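The structure under discussion is supplied below as structure tokens; questions concerning it will follow.
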Amino acid sequence: MNVKQNLEEINNNINKSLESVENDTRPNVIAVTKYVTIERAKEAYDAGIRNFGENRLEGFKAKKEALPDDAIMHFIGTLQSRKVKEVVDDIDYLHALDRKSLAKEINKRATRPVNCFVQINVSGEESKHGIALNDVNDFIEMLSQYENIRVVGLMTMAPFTEDEAQIRQVFKQLREKRDEINKLNLEYAPCTELSMGMSNDYEIATEEGATYVRIGTKLVGKEE
Ligand SMILES: *Cc1c(COP(=O)(O)O)cnc(C)c1O
């Protein structure tokens with residue numbers, strides 16, 4: 001399937017999800033291009049995609065360089081502190097702010113405020129990165145000392161399960177936490193956005209109010 005057809009199917013499914021609930025927040029679709037070539041990323045651009053996600057430094061740089069200037073570049077993976085200075089000014093959105101040391105390094109190296117999603121480990125699985133739900137308020141309060149960190153929203157990964165009710169519960173908890181932080185009216189943490197939902201659960205995420213879904217396999221595919 002070409003990217004255009006995949007995107008049409010995804011948009012149709014998003015429409016159906018939005019119709020099925022009392023929610024008119026349409027998520028931005030981020031094409032996660034970590035499994036595919038530059039050519040395939042360009043095909044996504046030509047199909048109208050403007051948001052691109054990569055989880056590794058090399059892939060991020062390669063796609064950033066190859067895509068036109070209006071491509072919005074999302075860094076969606078764990079960023080090692082010692083690599084921050086190499087990419088921080090190329091990142092439009094960082095989806096995985098999950099520790100103080102990273103915030104400190106970004107603050108030091110960036111030449112402008114960086115849009116960050118705080119990554120939350122809602123499900124509490126040990127294998128997952130992210131701040132525990134109970135620690136989010138303290139973590140975000142701590143970030144106020146860093147003038148180059150702007151908390152645009154919260155991000156999570158769904159648990160490894162086929163239990164849709166459980167996945168929905170995780171997304172709902174993230175939304176509630178987003179609303180809670182948003183209501184604090186912090187200048188450095190508007191926290192309006194919700195980054196959640198991947199190929200297998202973007203419809204549930206849409207129903208639960210995602211503003212960004214991160215789709216790789218079902219949009220651009222996966223090259224082995
Ligand atoms: C790989 C990845 C995705 C996309 O995964 P698919 O299941 O291929 O859609 C989304 N978010 C993050 C953080 C990822 O690492």
Side-chain angles (χ1 to χ4, degrees), residues 1-14 17 27-38 40-41 43-44 47 49-64 71-80 83 87 91-99 102 114-123 125-131 152-164 166-168 170-171 174-175 178 193-224:
M1 290 277 270
N2 63 44
V3 179
K4 196 154 189 254
Q5 289 167 316
N6 291 340
L7 182 59
E8 271 169 26
E9 187 175 336
I10 288 166
N11 282 333
N12 286 337
N13 290 337
I14 287 175
S17 291
N28 296 293
V29 175
I30 300 173
V32 176
T33 50
K34 67 188 185 191
Y35 305 122
V36 299
T37 59
I38 283 172
R40 190 70 167 168
E43 189 191 332
I49 295 275
R50 289 297 174 270
N51 288 279
F52 293 84
E54 282 281 334
N55 68 338
R56 295 208 192 284
L57 197 72
E58 294 67 30
F60 182 91
K61 284 182 173 172
K63 303 298 198 306
K64 160 91 188 166
I72 300 164
M73 299 302 297
H74 300 257
F75 197 94
I76 61 171
T78 301
L79 183 57
Q80 290 173 290
K83 300 282 178 77
V87 279
I91 296 176
D92 293 305
Y93 292 88
L94 174 71
H95 288 244
L97 180 57
D98 61 352
R99 57 193 193 279
L102 179 59
V114 179
N115 296 319
C116 297
F117 288 82
V118 172
Q119 183 169 356
I120 316 292
N121 184 356
V122 179
S123 63
E125 284 171 290
E126 276 186 29
S127 60
K128 285 204 158 57
H129 290 275
I131 308 289
V152 295
L154 305 182
M155 176 274 204
T156 201
M157 313 261 288
F160 295 111
T161 175
E162 303 208 330
D163 181 351
E164 283 198 9
Q166 201 186 330
I167 294 172
R168 187 178 296 281
V170 163
F171 290 161
L174 193 74
R175 185 187 68 228
R178 189 272 318 259
E193 309 301 318
L194 272 182
S195 169
M196 58 190 195
M198 313 189 345
S199 287
N200 289 327
D201 49 28
Y202 71 87
E203 287 135 307
I204 305 173
T206 299
E207 288 164 22
E208 295 303 323
T211 65
Y212 287 91
V213 291
R214 311 177 306 266
I215 308 182
T217 314
K218 284 196 180 158
L219 178 54
V220 292
K222 190 169 181 171
E223 283 154 25
E224 302 301 335

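As the structure lists them, so they are numbered: ligands from 1, and atoms in each ligand from 1. Treat the numbers as computed from the prediction; the structure is a model and nothing was measured. Counting begins at 1 with the first residue of the sequence.
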Y202 touching ligand 1 at heavy-atom level, < 4.0 angstrom: no
Atom CD of E162: over 12 foreign heavy atoms under 6.0 Å: no
Numbered atoms and elements of ligand 1 in range of T217, under 4.0 angstrom, heavy atoms: 6 (P), 7 (O), 8 (O), 9 (O)
Parallel, tilted or perpendicular: rings of Y93 and H74 (30°, 60°): parallel
Within 6.0 angstrom of R50 CZ, more than 12 heavy atoms from elsewhere: yes
Test item, K218 contacting ligand 1 (heavy atom, 4.0 angstrom): no
Qualifying residue, where the test is salt bridge (charged side-chain N to carboxylate O under 4.0 Å, His left out) with E54 and the options are K64, R214, K63: K63
Exercise: identify the closest heavy-atom pair between S123 and K128: OG-CD, 4.1 Å
Nearest heavy atoms of K83 and L79, plus distance in Å: CB-CD1, 4.3 Å
Winner among M198, R214, K34, M157 once heavy atoms are compared against atom 2 (C) of ligand 1: K34
Ligand-residue contact atoms, ligand 1 with I76, heavy atoms, under 4.0 Å: 11 (N), 12 (C), 13 (C), 14 (C)
Where ligand 1 meets I215 - atom numbers and elements under 4.0 angstrom, heavy-atom basis: 9 (O)
Nearest non-hydrogen protein atom, atom 9 (O) of ligand 1: S199 OG, 2.6 Å
N/O separation below 3.5 Å, G216 to ligand 1: yes
Per-residue contact class, K222 against ligand 1 - non-hydrogen pairs under 4.0 Å: neither
Any side-chain donor near an acceptor of the partner, T211 and E193, under 3.5 Å: yes
